[in-house]
Amino acid sequence: MTTPLLVAFDLDDTLAPSKTAIDARMGALLSALSQHVEVAIISGGQWEQFNSQLVANLPAATDVTRIHLLPTCGTQYWRHDGSAFAPLYAENLTEAQKAEALRIVETEARALGLWEAEPWGNILEDRGSQITFSALGQQAPLDAKKAWDPDGSKKARLRDAVAVHLPELEVRSGGSTSIDITRKGIDKAYGMNKLAAATGISLDDMLFYGDRLDEGGNDRPVLDMGVACVSVEGPADTADHLDVLIPQLS
């Protein structure tokens, strides 16, 4: 690939620290990027997270018509309709599927000793198209999240235990302390394929930045499907890469 027509990003720990807003530097870079190419953000987070972390902090000069937002790994797709971002689709789980997923993940987390007695906010969240387990709670501080499962073994044990009981659903590792449950076959590769179908842009003309492109990481499906990828170590690293990329686009 020479010049990408679309540049896509993970959100947490790629554009901003987990559950926090993008900073002014990142906002300015995304705004500049939108003047040249389509820009997509795909993450396991729900719309409210996208809105507070990203949309609310984009500079006024951003070409919002070029911004593509794919919460919950592409099971939702939001575009700007001229006045605000609005969903084009949301592929929600059924009420029965959500109830069973919530029951199973709590049961297995308690059995494995991974259910926190005093979390920072809700451990379980119904995101419509996704059920998310956050071991320390939705508002856990970054330091605590980083220290909870540095090698990913706790999440892996819980994911495997839950998956046995939910064979009709997809159970996968999410962020640093989370696992996500969606319809079968849903991961970031699914979201990228939905993005290609919606925009008409070939996967060969896309570039993706993510912090979890390692084997088993939640960005890895994008690499495995053949999209050109750049592995980053955090938002500052992503910003440094964009400082190099954007002049090349102009």
So, [X] side chain and [Y] main chain: donor-acceptor pair closer than 3.5 Å or not?
X: D205; Y: L5; value: no
X: T14; Y: L11; value: no
X: R66; Y: S34; value: yes
X: D143; Y: A147; value: no
X: D211; Y: V232; value: no
X: K98; Y: N92; value: no
X: Q97; Y: T94; value: yes

Distance, nearest 0.5 Å, that separates [atom1] of [X] from [atom2] of [Y]:
X: S173; Y: N218; atom1: OG; atom2: CG; answer: 6.0 Å
X: L166; Y: R103; atom1: CG; atom2: CZ; answer: 8.5 Å
X: L70; Y: I41; atom1: CG; atom2: CD1; answer: 8.5 Å
X: D160; Y: K155; atom1: CG; atom2: NZ; answer: 12.5 Å
X: L169; Y: I186; atom1: CG; atom2: CD1; answer: 10.5 Å
X: Q46; Y: S129; atom1: CD; atom2: OG; answer: 9.0 Å

Got a list of side-chain donor-acceptor pairs under 3.5 Å for residues 117-124, not counting sequence neighbours?
none

Output, in order, the C-alpha distance, side-chain angles, deciding distance and verdict of salt bridge (Lys or Arg N to Asp or Glu O under 4.0 Å) for D243 and R25. CA-CA 10 Å; D243 278 334; R25 180 189 181 195; 2.6 Å; yes
Applying a strict under-4.5 Å side-chain criterion to I, L, V, M, F, W and Y, I'd like to know whether L30 and L249 cluster together.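 Yes.
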Please examine the side chains of [Y] and [X], heavy atoms only from C-beta on, and report whether any two atoms are closer than 4.5 Å.
X: V37; Y: L207; value: no
X: D187; Y: C73; value: no
X: H68; Y: L195; value: yes
X: V39; Y: L33; value: yes
X: C229; Y: L223; value: yes
X: E91; Y: Y77; value: no
X: D10; Y: I42; value: no
X: E116; Y: W148; value: yes

Does a side chain donor of either K145 or T177 reach within less than 3.5 Å of an acceptor in the other side chain?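 T177 and K145 do not have a side-chain donor-acceptor pair below 3.5 Å.
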Just checking, is any N or O donor in the side chain of D240 or T238 under 3.5 Å from an acceptor N or O on the other one?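 Side-chain D/A pair, D240 to T238: absent.
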Restricting to non-hydrogen atoms, name the atom on [X] and the atom on [Y] that form the minimum distance, rounded to 0.1 Å.
X: P59; Y: A28; value: CG-N, 4.0 Å
X: A21; Y: S52; value: CB-O, 4.3 Å
X: R172; Y: R159; value: CA-CD, 3.8 Å
X: G128; Y: D126; value: N-OD1, 2.8 Å
X: P17; Y: L142; value: CB-CD1, 3.5 Å
X: L203; Y: A196; value: CD2-CB, 4.1 Å

Which pairs with one or both residues in residues 161-203 pass ring-ring contact (aromatic ring centres under 6.0 Å, His included), sequence neighbours excluded? none
Pair listing, ring-ring contact (aromatic ring centres under 6.0 Å, His included) test, anchored in residues 15-63, at least two apart: W47-W78
Once ring-ring contact (aromatic ring centres under 6.0 Å, His included) is applied, do any residues pair with F9, and if so which ones, sequence neighbours excluded? Y209
Salt-bridge present (R220, E215; N to O < 4.0 Å): yes
Is it true that, when you exclude Q35 itself, more than 12 heavy atoms of the residues, nucleotides or ligands shown sit nearer than 6.0 Å to its CD? yes
D151 atom CG: more than 12 heavy-atom contacts under 6.0 Å: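 Buried by this count: over 12 neighbours within 6.0 Å.
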Start with the C-alpha distance between I179 and V171, add both sets of side-chain angles, then the distance that settles side-chain contact (heavy atoms from CB on, under 4.5 Å), and finish with yes or no. CA-CA 7 Å; I179 65 167; V171 184; 4.2 Å; yes
Does any pair with a residue in residues 53-64 pass side chain to side chain donor-acceptor pair (under 3.5 Å), and if so which ones, sequence neighbours excluded?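 Non-adjacent pairs meeting side chain to side chain donor-acceptor pair (under 3.5 Å): D12-Q53, S31-T62, Q49-Q53, D63-T65.
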Residue pair M225, N193: steps toward the side-chain contact (heavy atoms from CB on, under 4.5 Å) verdict: CA-CA 9 Å; M225 73 190 301; N193 278 321; 3.4 Å; yes
Where do L242 and L245 land on the side-chain contact (heavy atoms from CB on, under 4.5 Å) test, with the steps shown first? CA-CA 5 Å; L242 292 179; L245 175 66; 4.1 Å; yes
Using the rule given for side-chain contact (heavy atoms from CB on, under 4.5 Å), can you reason through K188 versus D219, listing the C-alpha separation, both sets of side-chain angles and the distance that settles it, and then say yes or no? CA-CA 7 Å; K188 288 186 180 178; D219 296 323; 2.6 Å; yes
Side-chain donor/acceptor pairs under 3.5 Å, residues 132-141, sequence neighbours excluded:
from: T132; atom 1: OG1; to: R127; atom 2: NH1; distance (Å): 3.3
from: T132; atom 1: OG1; to: Q130; atom 2: NE2; distance (Å): 2.9
from: T132; atom 1: OG1; to: D180; atom 2: OD1; distance (Å): 2.9
from: S134; atom 1: OG; to: Q138; atom 2: NE2; distance (Å): 2.8
from: Q138; atom 1: OE1; to: K19; atom 2: NZ; distance (Å): 3.1
from: Q138; atom 1: NE2; to: E125; atom 2: OE1; distance (Å): 3.0

